[in-house]
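Letters A, B, ... mirror the listed sequences (proteins, then strands); counts begin at 1.
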Amino acid sequence: MSAVAIEPEAIRERSQSQRVWRAFTRNRAALVGLAMSVIITLMSLAAPWLSQHDPLRQQARYRLDPPSQEYILGRDDFGRDIWSRILYAGRISLLVGVGSVVIGSSIGALIGLLAGYIGGKTEEFLMRSVDVLMAFPSLLLGLTVLAVLGSGVFKMILAIGVVMAPAFARVTHGATLTLKRAEFVTAARTIGASQLRIVGRHVLPNIVGEIVVLASLWTASAIRIEASLSFIGLGVSPPTPTWGNMIRDGTQHLTNAPWLSVFPGLAILLTVLAFNLLGDGLRDVLDPYLQEE
Amino acid sequence: MCARLARSGARTSDRRTWTTCQVRHRVSPQAAAHSRMCRPWRSIGQVFGFSTGDLMFRYIVTRLLFSIPVLLAVLTIVFFVVRVLPGDPATAALGDYASREAVEALREQMGLNDPLIVQYVRFLGDLLRGDLGRSLINGLPVRDQIAYALPFTLQLTIVSVVIGIVLGIPLGVYTAIHRNRMPDYVGRVISLTGLSAPAFYLGILLILLFAIQLRIFPAIGAGDPDDLGSLLYHMALPALTLGLVMTASITRLARSAMLNVLRQDYVRTARAKGLSERIVLLRHALRSALVPIVSLTGVWAAGLVGDSVLTEVVFNRPGLGKMMVNAILQRDYTTLQSVMVIYAAFVVAINLLTDILYGVVDPRVQR
């Protein structure tokens with residue numbers, strides 16, 4: 001195909017993404033969400049430069065010290081610096097959040113796409129399995145998978161990925177069913193495009209919007225689930241700090257040292273809020289249903 | 001190739017395939033309720049066979065029948081998951097220092113040496129007879145423990161749902177009426193914050209404020225089961241925690257349902273014929289908006305299960321969630337298995353109820 005034939009398409013694509021970008025920048029909540037999540041990510045990546053203290057160094061002499069000039073958020077029951085523990089814990093939370101979404105969305109989207117596209121018995125089987133998995137509340141499913149796998153960061157990522165896969169499968173499946181009947185897909189089939197090309201070139205690009213929205217909302221949920229599992233005591237094992245296990249340790253000192261649990265909780269709250277704002281904003285921008293709201 | 005595609009294309013119109021996904025995803029809840037917005041009560045009358053009751057009846061029966069294989073599949077998953085959990089139940093029951101003979105004898109007695117399929121059939125049979133086995137840790141019948149814990153969880157859930165509805169609907173309606181003005185922004189930020197805070201963090205903040213600072217309510221325990229006053233007194237903080245989580249989601253739901261209704265022609269008509277704003281909002285708009293809100297509340301209640309587990313852990317309150325977490329931490333497999341079965345059955349039931357309510361709200365779904 002000559003360059004001339006490609007050009008109109010390129011222009012259309014650019015204007016499409018420009019339209020989305022313009023709508024996105026006009027959405028204040030989405031921008032705030034984006035800014036917050038970028039700042040939080042940068043802060044946890046730059047943890048060594050933002051805190052002078054080792055998150056694991058114990059100083060029993062200073063246990064439960066209240067916030068001070070040098071230790072701005074105080075110290076925990078082993079005398080460790082809470083500020084630097086929060087920063088380092090953020091790395092794990094974000095890793096779990098992003099990692100599980102990558103795993104969950106790939107598995108889920110693949111299942112949904114296959115089910116919707118192949119149809120027949122395969123579809124029936126896949127989507128019924130998804131229904132069954134959806135019957136488990138996400139935290140319980142996470143608990144169960146984690147109980148089987150044992151604790152650890154990567155097992156946690158896998159467990160939460162499994163939890164969210166059904167949600168992605170459903171959305172992809174629904175979208176694929178609609179798209180399969182769309183005129184441009186029929187047209188592509190008529191001119192003899194291969195299955196792979198139809199899926200990759202026509203179906204997938206049209207689902208990406210929905211997947212991105214779901215992905216950012218699920219990043220928020222994943223971070224919350226990770227914190228919850230760690231809080232229950234099934235997450236990443238100590239001494240590695242996570243927001244969840246910091247709060248768990250802090251609950252024993254609520255009366256005399258509330259900062260132990262209040263600050264890590266604030267970190268969870270802000271991070272989850274950031275990704276929720278981002279996801280909501282993206283949905284407003286990308287989802288035609290909610291365009292007006 | 002083309003024939004196959006044509007066939008799979010034909011399947012797309014298969015109603016069964018469509019309803020589930022159409023209801024759940026392709027059609028937004030508001031849109032699903034949309035068609036019945038004008039006369040929600042008539043369609044509810046249909047459930048009881050006023051007009052097109054036949055179709056409704058068939059729909060309900062289909063949904064009921066469909067939930068049986070789902071439940072069975074869930075039970076199967078629970079069974080196998082518990083079987084692949086690391087560690088041996090017999091060793092867990094006797095402790096790490098038990099003799100090999102004793103462990104082996106207990107394994108035999110518990111039927112753990114039988115083929116998996118035999119164990120599976122026995123598991124289902126026991127469940128049917130309501131026999132949940134004995135706890136590996138304290139040897140008490142699991143059924144009795146669940147009978148003790150379940151009311152606490154149910155009370156907590158019901159009170160929180162009520163709190164959620166009482167706070168959430170007015171807040172949602174208020175923000176919808178003041179759309180894109182200050183109250184709306186404040187309300188949205190508050191509800192999104194509520195959705196973002198994990199239940200256990202909310203619980204801790206409430207403990208800090210009400211139990212430690214103000215000393216109004218107790219932070220832990222569930223009170224005397226025979227004394228209603230004591231029960232409510234101890235439930236205050238946990239119910240508020242879970243209720244606020246619920247409020248956050250209901251507020252969002254109520255807001256978007258209300259916005260959707262306010263756009264309708266009949267609301268404009270009502271205004272045009274000079275009705276007071278109060279009447280328009282309460283009698284014309286809110287009434288219709290309630291339909292999707294009520295039906296979706298079921299979904300949130302199911303989603304609340306995870307948060308209720310966390311709440312019970314934070315407040316150290318007896319209940320199913322606390323039981324389950326303890327069972328996992330102590331590797332008490334029989335208890336874990338039973339609690340998971342109860343939870344799964346509960347969620348399947350709520351999903352079924354929600355599906356049926358959707359059918360009531362939007363008769364198109366029934367087909």
Honestly, the part of A:L266 sitting under 4.5 Å from a heavy atom of chain B is both

Whether the side chain of B:Y201 engages the backbone of A:I268 through a donor-acceptor N/O pair (distance < 3.5 Å, no angle test) should be reported. no

Distance from A:R248 atom CZ to B:I204 atom CD1, nearest 0.5 Å? 11.5 Å

Portion of A:A227 that has a non-hydrogen atom of chain B nearer than 4.5 angstrom: both

Can you tell which of B:L202, B:L205, B:V313, B:L195 has the highest number of heavy-atom pairs within less than 4.5 Å of chain A? B:L195

Tell me, side chain or backbone of B:I77 under 4.5 Å from chain A's heavy atoms, or both, or neither? side chain

What distance separates A:L277 CG from B:T193 OG1, expressed to the nearest 0.5 Å? 8.0 Å

Which atoms of B:I328 approach chain A - backbone, side chain, both or neither, heavy atom under 4.5 Å: side chain

Interface moiety of B:I207 toward chain A, non-hydrogen atoms closer than 4.5 Å: side chain

Quick one: which of A:P258, A:G142, A:S228, A:S129 has the most heavy-atom pairs under 4.5 Å with chain B, could you say? A:S228

Below 4.0 angstrom, N of the basic side chain to O of the carboxylate: do B:R188 and A:D280 qualify? no

State, with a plain yes or no, whether a side-chain heavy atom of A:T251 is found less than 4.5 Å away from one of B:V314. no

Quick check: are there more than 12 heavy atoms from other residues, nucleotides or ligands sitting under 6.0 Å from CZ of A:F125? no

More than 12 heavy atoms from other groups under 6.0 Å of CG on A:L196: no

Structural part of B:Y185 lying under 4.5 Å from a heavy atom of chain A: side chain

If I take atom CG from residue A:N276 and atom OG from residue B:S196, how far apart are they, to the nearest 0.5 angstrom? 4.0 Å

Minimum heavy-atom distance A:V262-B:L208, with the two atoms named: CG2-CD1, 3.4 Å

Examine distances only and state if a side-chain atom of A:R128 and a backbone atom of B:P69 form a donor-acceptor pair shorter than 3.5 Å. no

Would you name the heavy atoms of B:V325 and A:I232 that are closest together and state the gap between them? CG1-CG2, 3.4 Å

A:L270 versus chain B, the contacting section by heavy-atom distance below 4.5 Å: neither

Please give me the minimum heavy-atom distance between A:G233 and B:L329, naming the atom from each residue. O-CD2, 4.4 Å

